[in-house]
Every structure is written in structure tokens, then in C-alpha cells.
Amino acid sequence: MNTDKLTYLNAMNIQTWQLKNKDAAYAPVIMAETSWEALRTAVMNCTACGLDKSRTQTVFGIGNQDADLMIIGEAPGFHEDQQGEPFVGRAGQLLNGMLEAIGLDRNRVYIANILKCRPPNNRDPLPEEVSLCTAFLEQQIALVKPKLLLALGRIAAQYLLKNKSALTQLRGKIFQYNTTPLISTFHPAYLLRSPADKSKAYQDLHLVLRTLKELGDK
């Protein structure tokens, strides 16, 4: 790792570790007191899984950093990689519509992905990529302290719940991610391909709304 970069990260209370190979890839180990600015910088500088070689830019997250609801997807796609923002393009437009259907908008929630870099050709994230990116998402959740998590799609739901069941078995129920309630529903990109399931997603969103009301404001 570049000495100046290591000094900079350490000054922000971000410890780093060197991967056990001859490459210069590294991943920060996020400290409990890490700030949003420090976390964003750590994401931008991370080369641990190799996706930095094909990304245009990292996709950190966006929205209300004090949100009651945090939405988590699996990984950036083409448009996200180009714009540096999660859930843009047609899938993002559908997500906006889904939120509006329950009286929310993306300015009131926080949105992030498990991976912060786009996998080539929008393939599914690899287990080692998910493992190496985990600390970033966990720290985002710790900083937001949401009342409720909403996992979009099979990969996000299975990862967060450590459960390999089909999404059809996970949706429509309230689980726990550590101590935070979690609800799963279909990914907007899937709903664009399978519009017949939009009614089921609508049911899930009403479960989200009811749960938020039961949990109350922060």
C-alpha cells in the first residue's frame, strides 16, 4: 500500500490490512468511530476484491443518514456505475414509484448496496466479493441506525439473513438482522422483467409501512 495513503487512513481511524498475495490490493477494517466522510474515502480507495479494475467509480450510498428505513440491494449496475448513485435508471425509477406508493421518497430513506462496485456484465456478486465488502455495509447500518431494513432481491435477502431459502419463502415476513427488523421483497430489476409480481411487492411495501408505524419515530 502507498505509505501516504496508509498514513491518511490511519489518521482517520481506519485500520488497514494487506491481503496475503503479491498484489497491492487492500481493504480497510472499519473502526466503530468511523465518520461518514472517512467511510466514503475508504470505499473509494478499496481494491480488495479486484472489482476496482473494471469499475467506473464506486457507488457508496445515498439518502437520509438518519433514516428510519434503510434499503439494501445487491450491487451496482451499469447506470449506477456511471452515475455513482444506487438505484438509478429504470430500476431506480420503479423503486421511486414503489416508495411513493407508501408515502415515502428516496430523500427520506437511505439506500445502499452490499457491493460498492459493479460486477462485470452485471453478474451476481461472488461470495469472496461479498465477504470483502461486508465491513462497509455493516458500518453504514451502524451509522444510520435504521428502525427497519428492506432487502431488495434474493441475493441481498440471503446475505443479510444468512439464509439460502428462496425469496418467495423470505418475503412477507419480518426477520432480524442482528437487532434490526428486516423485510425482504423483489428487486425492482426483477419486477421490470416480471410485472405480474408487482402486486406481491406492493403487499410487502404495506408490511414495511405498517412495521414502521408500529416501531414509531426515532
Side-chain angles (χ1 to χ4, degrees), residues 36 59-77 79-80 83 85-116 125 134 136-218:
W36 280 107
V59 181
F60 182 73
I62 195 168
N64 181 359
Q65 295 176 353
D66 192 41
D68 287 339
L69 177 63
M70 182 169 176
I71 300 174
I72 301 173
E74 59 190 61
H79 295 288
E80 290 77 14
Q83 298 183 39
E85 181 178 327
F87 287 95
V88 294
R90 293 181 63 215
Q93 292 170 8
L94 180 54
L95 176 60
N96 293 345
M98 292 166 67
L99 291 172
E100 290 171 4
I102 58 171
L104 294 176
D105 62 61
R106 63 191 291 144
N107 294 322
R108 292 178 58 190
V109 303
Y110 192 82
I111 306 173
N113 284 305
I114 295 172
L115 295 192
K116 308 308 181 192
T134 294
F136 297 133
L137 178 64
E138 289 180 345
Q139 187 63 21
Q140 286 176 303
I141 295 172
L143 286 168
V144 175
K145 298 181 179 65
K147 290 283 189 179
L148 179 65
L149 296 171
L150 176 61
L152 298 182
R154 169 184 58 86
I155 292 174
Q158 290 179 344
Y159 162 71
L160 291 168
L161 295 174
K162 301 295 187 287
N163 188 324
K164 295 300 183 183
S165 298
L167 182 61
T168 53
Q169 296 177 300
L170 299 176
R171 57 164 294 273
K173 304 172 185 176
I174 301 175
F175 292 89
Q176 294 287 319
Y177 173 81
N178 296 329
T179 59
T180 305
L182 183 148
I183 294 171
S184 304
T185 192
F186 300 101
H187 195 286
Y190 166 82
L191 293 174
L192 289 172
R193 302 190 301 269
S194 305
D197 281 332
K198 286 184 178 180
S199 61
K200 296 177 183 177
Y202 187 67
Q203 295 170 6
D204 297 334
L205 292 174
H206 273 274
L207 176 59
V208 167
L209 185 60
R210 291 197 305 272
T211 304
L212 285 172
K213 287 181 179 179
E214 290 172 0
L215 292 170
D217 296 330
K218 287 185 178 179

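Given the structure is predicted, the values throughout are model-derived calculations rather than measurements.
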Requested in this report: List the steps and the verdict of side-chain contact (heavy atoms from CB on, under 4.5 Å) for Tyr190 and Leu167.
Outcome: CA-CA 12 Å; Tyr190 166 82; Leu167 182 61; over 6 Å; no

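- Atom CD1 of Ile114 and atom OG1 of Thr134 lie 8.0 Å apart (nearest 0.5 Å).
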Query raised in the report: Where do Leu137 and Tyr159 land on the side-chain contact (heavy atoms from CB on, under 4.5 Å) test, with the steps shown first?
Result: CA-CA 12 Å; Leu137 178 64; Tyr159 162 71; 4.0 Å; yes

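- For the pair Leu150/Leu148, no side-chain contact is recorded, criterion being any heavy-atom separation below 4.5 Å from C-beta on.
- The minimum heavy-atom distance linking Gln169 with Lys173 is given by the pair O-NZ, 2.9 Å.
- When all heavy atoms are compared, the tightest approach of Glu74 to Asn113 is N-OD1, 3.4 Å.
- No donor-acceptor pair under 3.5 Å is formed between the side chain of Lys116 and the backbone N or O of Ala112.
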Report task. Go through the steps for Gln65 and Leu143 under the test side-chain contact (heavy atoms from CB on, under 4.5 Å), then give the verdict. Result -> CA-CA 7 Å; Gln65 295 176 353; Leu143 286 168; over 6 Å; no

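- Tested against Tyr110, the residues Phe87, Trp36, Phe60 include a single ring-ring contact (aromatic ring centres under 6.0 Å, His included) partner, Trp36.
- Residues Thr180 and Lys147 come closest through the heavy atom pair CG2-O, 3.9 Å.
- If you take CZ on Arg193 and NE2 on His187, they are separated by 9.0 Å, rounding to the nearest 0.5 Å.
- For the atom pair Leu207 CG and Thr211 OG1, the distance stands at 4.0 Å (nearest 0.5 Å).
- A distance of 8.0 Å separates CZ in Arg106 from CG in Leu99, rounded to the nearest 0.5 Å.
- The minimum heavy-atom distance linking Met98 with Pro188 is given by the pair SD-CG, 4.2 Å.
- Between Leu161 and Ser184, the shortest heavy-atom distance links the atoms CD1-OG, 4.1 Å.
- Residue Leu149 forms a side-chain contact (heavy atoms from CB on, under 4.5 Å) with just one option from Ile183, Ile71, Leu182, Val208, and that option is Leu182.
- Stacking of Lys200 on the aromatic ring of Tyr202 is not recorded, the 6.0 Å distance cut-off and the 45° axial limit not both being met.
- Using a 4.5 Å heavy-atom cutoff, the side chains of Leu212 and Ile102 are not in contact.
- Put simply, the side chain of Pro146 does not reach to within 4.5 Å of the side chain of Leu69, judged on heavy atoms.
- For the residue pair Gly216 and Asp68, the shortest heavy atom distance occurs at O-OD2, 4.4 Å.
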**Report entry** Stepwise side-chain contact (heavy atoms from CB on, under 4.5 Å) test for His79 and Arg90
**Finding:** CA-CA 9 Å; His79 295 288; Arg90 293 181 63 215; over 6 Å; no

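- Residue Leu215 holds its CG atom at 7.5 Å from CD1 of Ile174, rounded to the nearest 0.5 Å.
- Here Leu95 contributes atom CG and Asp105 contributes atom CG; the two are 11.0 Å apart, rounded to the nearest 0.5 Å.
- Between the side chains of Asn64 and Arg108, no donor N or O sits under 3.5 Å from an acceptor N or O.
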